[in-house]
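As structure tokens, the structure follows; a few thoughts come after it.
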Amino acid sequence: MNRRSTLLTIIAAVIFAFCLPGLAAAQNNDPWWGRDQRDQDQRDQDQRDRDYRRDRRDRRDRDDDQDRNDGSYNRGRYGYDSRTLRDAVRRIKDGTHRLQNDVDRNLDHSRINGSNREDHINTDMEEFRRAADRLDSRLGNARDLNRSANEAESLISSANEMSHELGRFQLDSRTFSDWKSLQTDLHIVADAYGLRYTGGRYNPRYDDRYPNDRRNNNNDWWRRIPGIGRP
């Protein structure tokens, strides 16, 4: 009897010792029988996180390489990249709107006001402004210059025509300043697309000493005085 009781006690102790970790885990809501699976799940999740970070880094590197390649493809002789070209076109668009107002005001106060020549200049200026709007709308991210080549050619052609027109009459200070501010950006566009911009090389017939163009042009009256003028 005693031997049997001892044997049962030993068996009960072994069972208790075997179940003790499970009881402790149950108190922590962490069943021991699922621990290996949870560890494996955590390792899998850590691996997925590492893979995601690596893929994101690789995508970023590829995008950077693409941007550099696009910039190199779209650079002209002076190294203007896509962002520089986009910024230049945007400034031209804004500048042509200001210039159109300047030219209209300038013509209204000129001696050609109401003439066919004034209408012709206004028509050319309108086309110049619209060409800038079209290029700005078509350019997009400036990565594919072929997509906007026709619009760029139209803009530079209009700019050359306006350069010729504005060089034939006297500009007030504001018109001269707004026209001059477009020159660098027009050259950027022309260079990027392999076009020839000849504007900005004319004599604008403006002297900043006389911003309102009120010079006392008396045709050298002193030359007509006997003994001072021609011998």
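The analysis underlying the following values was restricted to heavy atoms, covering all of them including side chains, and did not include hydrogens, waters or symmetry mates. Position 1 is the first residue of the sequence; numbering continues from there.
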Nearest-0.5 Å distance that lies between atom [atom1] in [X] and atom [atom2] in [Y]:
X	Y	atom1	atom2	value
Asn106	Gln170	CG	CD	9.5 Å
Leu186	Gln183	CG	CD	5.5 Å
His164	Ile121	NE2	CD1	9.5 Å
Asp191	Leu85	CG	CG	10.0 Å
Leu195	Ser154	CG	OG	10.5 Å
Trp179	Leu166	CH2	CG	5.5 Å

Pair Gln42, Asp46: side-chain N/O donor-acceptor within cut-off below 3.5 Å: yes
Flag for Ser163-Tyr197: side-chain donor and acceptor within less than 3.5 Å: no
Which atoms form the tightest heavy-atom contact between [X] and [Y], and what is the distance?
X	Y	answer
Val189	Leu155	CG1-CD2, 4.3 Å
Ala192	Leu145	O-CD1, 3.5 Å
Ser181	Asp178	OG-O, 2.7 Å
Leu182	Ile92	CD2-CA, 4.0 Å
Leu107	Ser110	O-OG, 2.8 Å
Ala132	Thr96	CB-OG1, 3.7 Å

Flag if over 12 foreign heavy atoms under 6.0 Å of CD, Glu153: no
Audit row: Met125, Glu165, side chain to side chain contact (heavy atoms under 4.5 Å, CB included) steps and yes/no: CA-CA 9 Å; Met125 184 65 236; Glu165 293 288 353; over 6 Å; no
Is [X] reaching over with its side chain to a backbone N or O of [Y], donor-acceptor style, under 3.5 angstrom?
X	Y	answer
Glu161	Ser157	no
Thr123	Asp119	yes
Glu118	Gly114	yes
Arg138	Arg147	yes
Ser137	Arg134	no
Arg86	Asn141	yes
Asn113	His109	no

Salt bridge Arg90-Asp87, side-chain N to carboxylate O under 4.0 Å: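 Looking at Arg90 and Asp87, the cut-off is met.
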Lys/Arg-Asp/Glu bridge criterion (N-O < 4.0 Å) met for Arg129, Glu126: yes
Flag the pair [X] / [Y] as yes when at least one side-chain heavy-atom distance between them is below 4.5 Å, and no otherwise.
X	Y	value
Arg168	Arg117	yes
Asp94	Arg98	yes
Leu99	Phe128	yes

Intermediate values then yes/no, salt bridge (Lys or Arg N to Asp or Glu O under 4.0 Å), Asp102 and Arg105: CA-CA 5 Å; Asp102 294 340; Arg105 185 192 64 255; 3.3 Å; yes
Audit row: Asn116, His120, side-chain hydrogen bond (donor to acceptor under 3.5 Å, both in side chains) steps and yes/no: CA-CA 6 Å; Asn116 291 333; His120 181 71; over 6 Å; no
